[in-house]
Amino acid sequence: LTSGETFPNDDFAIVENRVARAVVREAGVTRLLPRPTAAALRLEYMWTPRAAGVASIGIELQPRTLTLEPRLIDQYLGEIDASDAVRAAWKSLGDKKKWTESYTKHAMTFVRIAPAKANAAWIADKSWTRPLGLALELVPERDPTDLHAGDTLVVRVLRRGVAVPGFSVGAIREGRAPEMSLERAIE
C-alpha cells in the first residue's frame with residue numbers, strides 16, 4: 001500500500017494502524033491477509049495463493065480528516081465530479097468557506113492464479129462477481145483479469161452492499177495526465 005499524487009509514483013507509505021480491513025477471497029473463501037511489513041514508501045502484504053482462479057483482494061483504511069486549502073477546492077470538485085448542487089452549496093457559503101472533510105479509502109484488485117492445467121472447478125468459480133463487503137466497492141460484471149485492448153469493463157458500484165446508480169468512476173493510466181476520464185456506472 002502506498003499513496004501519491006501521480007500514478008504510479010509512491011510518495012509515502014500507508015501506516016499499518018490506518019488499515020481497517022485487508023482481505024483476500026479465492027475459490028469462494030474469504031480470509032484476512034497476513035500482517036504487513038513496512039518498507040520504503042509502502043506497506044507490503046505478502047500472500048500465498050491457495051487455489052487457482054481469480055482472487056479478489058480488498059483493503060479499507062480508517063477515516064482521515066483534513067482541511068483543504070481554498071486554492072485547491074475548484075480542482076478537487078472537478079476530481080470528484082461534484083454535482084451542480086454541491087458546487088452551488090459551496091459557493092453559497094461566501095466568506096465563510098472552509099473545507100474540512102473526513103474520508104476513507106477502499107481499494108480492490110483482482111489477480112488471476114492459473115493452474116498448470118485448466119479444470120472445471122477453476123473455470124466454474126465466479127466468486128469474484130460477489131462483493132467482498134467493503135463499505136464502497138466496484139464489482140465487475142466480467143472477469144477483470146481477461147481484458148484486452150479496446151474491451152469495456154462494466155462494474156456495479158456498491159455502498160455498503162447497495163447499488164449506487166450514476167456514481168462517477170474514473171480511471172488513471174500510467175503516463176497520462178491526472179485528469180480523470182469519467183464514465184457513469186450501471187445500476
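The hydrophobic side chain of L41 is isolated, with no ILVMFWY side chain under 4.5 Å apart from it. Grouped by direct or indirect side-chain proximity (heavy atoms under 4.5 Å, Ile/Leu/Val/Met/Phe/Trp/Tyr only), L158 sits with V139.
Annotation: ring pair (Phe, Tyr, Trp, His ring centres under 6.0 Å) contacts involving residues 52-89, sequence neighbours excluded, comprise Y76-W99. Every pair tested for ring pair (Phe, Tyr, Trp, His ring centres under 6.0 Å) that includes a residue from residues 20-43 fails, sequence neighbours excluded, so the list is empty. Within the structure, no pair that satisfies the ring pair (Phe, Tyr, Trp, His ring centres under 6.0 Å) test touches residues 132-166, not counting sequence neighbours.
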Taking only distance into account, with no hydrogens and no angle test, what donor-acceptor pairs under 3.5 Å do side-chain atoms of residues 43-50 form with protein atoms, sequence neighbours excluded?
from : atom 1 : to  : atom 2 : distance (Å)
E44  : OE2    : R42 : NE     : 2.7
E44  : OE2    : R42 : NH2    : 2.9
W47  : NE1    : E26 : OE2    : 3.3

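Applying the side chain to side chain contact (heavy atoms under 4.5 Å, CB included) criterion to L32, with sequence neighbours excluded, gives V23. Remark: T129 pairs with K126 by the side chain to side chain contact (heavy atoms under 4.5 Å, CB included) rule, at least two apart or across chains. Shown here are the side-chain hydrogen bond (donor to acceptor under 3.5 Å, both in side chains) partners of D74, two or more places apart in sequence or in another chain: there are none. A search for salt bridge (charged side-chain N to carboxylate O under 4.0 Å, His left out) contacts involving D151 returns R142, not counting sequence neighbours. Listed by chain and residue number, T67, T100 satisfy the side chain to side chain contact (heavy atoms under 4.5 Å, CB included) test with K98 (two or more places apart in sequence, or in another chain). Shown here are the side chain to side chain contact (heavy atoms under 4.5 Å, CB included) partners of P34, two or more places apart in sequence or in another chain: there are none.
By the 4.5 Å heavy-atom criterion applied to side chains, R18 and R64 are counted as neighbours.
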